[in-house]
Number of protein chains: 2
Amino acid sequence: MTDITNQDIIPNISVDCVIFGFHENELKVFLLNYTGTNLWALPGGFIEKNKTIEEAGADILKERIGLENIFLKQFDVFSNPERSKHAPEILELIKKIGRYDVSVFQSRFISIGLYALLDHTKVTTTLDRYSDKSKWVAIDKVKNTILDHKEIINTALKTLRLQISYTPIGYNLLPQKFTMPEMQSLYETILGKKLDRRNFQRKMNAYNILNKLDEKREGVAHKAPFLYEFNQENYKEALKNGFNNSW
Amino acid sequence: MTDITNQDIIPNISVDCVIFGFHENELKVFLLNYTGTNLWALPGGFIEKNKTIEEAGADILKERIGLENIFLKQFDVFSNPERSKHAPEILELIKKIGRYDVSVFQSRFISIGLYALLDHTKVTTTLDRYSDKSKWVAIDKVKNTILDHKEIINTALKTLRLQISYTPIGYNLLPQKFTMPEMQSLYETILGKKLDRRNFQRKMNAYNILNKLDEKREGVAHKAPFLYEFNQENYKEALKNGFNNSW
DNA sequence: AAACCATTGCGTCTTTGTGACACAATGATA
DNA sequence: TATCATTGTGTCACAAAGACGCAATGGTTT
């Protein structure tokens, strides 16, 4: 990762990425630990002068998670002038680290929230010299976050739950081949409630975004479930137009 | 309106308000004409240091439209580095006007898009010394806009059309008492298509956000339609939770 | 090897929502 | 007084969604 000097960034605008992962029936979020503290933060950064928000987000994902071409969705802007009032906690650290000029953190900045959904197992964490630890934290166990990052995570989850009702979900979250119960488990995890197995299958099939394969998952206890894959074309189409047009 | 000096604003972040009005079965957007040009712009401005995005938007609505407590919805962020490349057209003007330091416009800035829906007739336009004209322009007749304001308007409309399927609409757009055909006309205008009168009525009533009054609209040709008003409590509830929960 | 049993796949029944349309009531207008 | 565009209500057919029955599957247990 190349360093970013203050000349190259817009000092008042940052992006923060809420990266959701799905593992062992839990929805998790990816957090970084800044060296020498017990504080955790969303991967993020200031925006370089010649980049869009989306490009800035994609750069962060590539640097920190090692993945490209991930669907990133802007969901809100966090602009409370008080949001950086806890900054003193990390100002000392910033000074040590020398990545950005401390003055950047002392003045107010807004943050644009992006979220991504991805397959937890594909991630190869790339730590840099500003953080020596990272972890996936269950969505309801997030704590010790800097600034308003907890609020950002909560808002991302709320947006995700709203969007799941009119947008297809799962493309980057599930492995290439997956079973219907796995898909259901993903939905249940995001929504935080149980769904009827049989009705779920019927409705999901009606969306027409999956290809049923002629294979079954092997080596599992009990009846082996069929494997599915995403129908790329229809999935993209559904992303554009949504499911429930209602009027 | 008090002047804003460069010391009080964040130079890289502006808000632009897409103010939709509904009149004569047309969806219109409110635009300002900068003095001495044929260029039109969305009401907007830079953000003061101690304000949130929402507060900045509310200030603009109050100053330019004379209305308070209007529902403003953040819908996107416009961050293309090229977005201000047409700025030279207005740089001369900015210089004359002296509202902001020209350097602010010469450097890149992002803009956060907000939209509002309101009753066209309640508006008392307040012109300032930067603009001597304002007008309501039919949504499909917008032209000669500065920067990427046309794109901002298009995106706002797209968002509005998407949101109308899971969010109640109309509170600030219709008069306090209104008829079902008026409500339908609003929906048809936003969606850009005709709806069945009878099915619309049934569905709208099922949403449970309206109170049917014991009065009819008087002095109209043909059969007089009943008047309705919004059920404040249920409307707010619906705004929070949405209509189509789907899962 | 046979019985077991948790899980899957498919189907049924009922209720609710939606699109299309019929018909009577209304009330200003001719 | 007759006309007629418009409104309010209802019907019918069909699709979507929730609840649940039941047989098939295939590893596990005895």
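Chain identifiers are assigned alphabetically (A, B, ...) following the order of the sequence lines, protein sequences preceding nucleic acid strands; residue numbering begins at 1 within each chain.
- Going from atom NZ of B/K62 over to atom CG of B/L67 covers 11.5 Å, rounded to the nearest 0.5 Å.
- A cation-pi arrangement, defined by a distance under 6.0 Å to the six-membered ring centre and an angle within 45 degrees of its axis, is absent between A/K193 and B/W247.
- Remark on DNA chain D: of its neighbouring residues B/Y228 and B/W247, the 5'-side contact belongs to B/Y228, judged by nearest-heavy-atom nucleotide.
- As rounded to whole Å, 16 Å separates atom P of D/dT6 from atom CZ of B/R217.
- In this model, no side-chain donor or acceptor of A/R198 finds a partner on the base of D/dA17 within 3.5 Å.
- Taking atom CD on B/Q184 and atom P on D/dT6, their separation rounds to 12 Å, with Å as the unit.
- Put simply, A/K203 has a side-chain N or O that comes within less than 4.0 Å of OP1 or OP2 on D/dA17.
- Between B/K177 and B/E229 there is no salt bridge, since no side-chain N of the basic residue sits under 4.0 Å from a carboxylate O of the acidic one.
- Spacing between atom CD of B/Q201 and atom P of C/dA20 amounts to 17 Å, rounded to whole angstrom units.
- Of the residues near DNA chain C, A/A224 and A/D196, the one whose nearest nucleotide (by heavy atom distance) lies more toward the 5' end is A/A224.
- Here the C1' atom of nucleotide C/dG9 and the CE atom of A/M204 are 16 Å apart, to the nearest Å.
- Between the P atom of D/dA17 and the OH atom of A/Y187 lies a distance of 13 Å, rounded to the nearest Å.
- Applying the 3.5 Å distance criterion, the base of D/dT25 shares no donor-acceptor pair with the side chain of A/K223.
- In terms of position along DNA chain D, the nucleotide closest to B/R197 lies nearer the 5' end than the nucleotide closest to the other residue of the pair B/R197 and A/A206.
- In this structure, B/F243 atom CZ and C/dG17 atom C1' are separated by 15 Å, rounded to whole Å.
- Distance CG (B/N199) to C1' (D/dA13): 13 Å, rounded to an integer number of Å.
- Judged by distance alone with a 3.5 Å cut-off, a donor-acceptor contact links the side chain of A/R202 to the base of D/dA17.
- Atom CG of B/N208 is separated from atom P of C/dG17 by 12 Å (rounded to the nearest Å).
- Counted by atom type alone, B/Y171 and B/Y235 present zero donor-acceptor pairs between their side chains at under 3.5 Å.
- At least one side-chain nitrogen or oxygen of B/K212 sits closer than 4.0 Å to the OP1 or OP2 atom of D/dT9.
- Judged purely by distance below 3.5 Å, without hydrogens or angles, the side chains of A/D76 and A/T155 never pair a donor atom with an acceptor atom.
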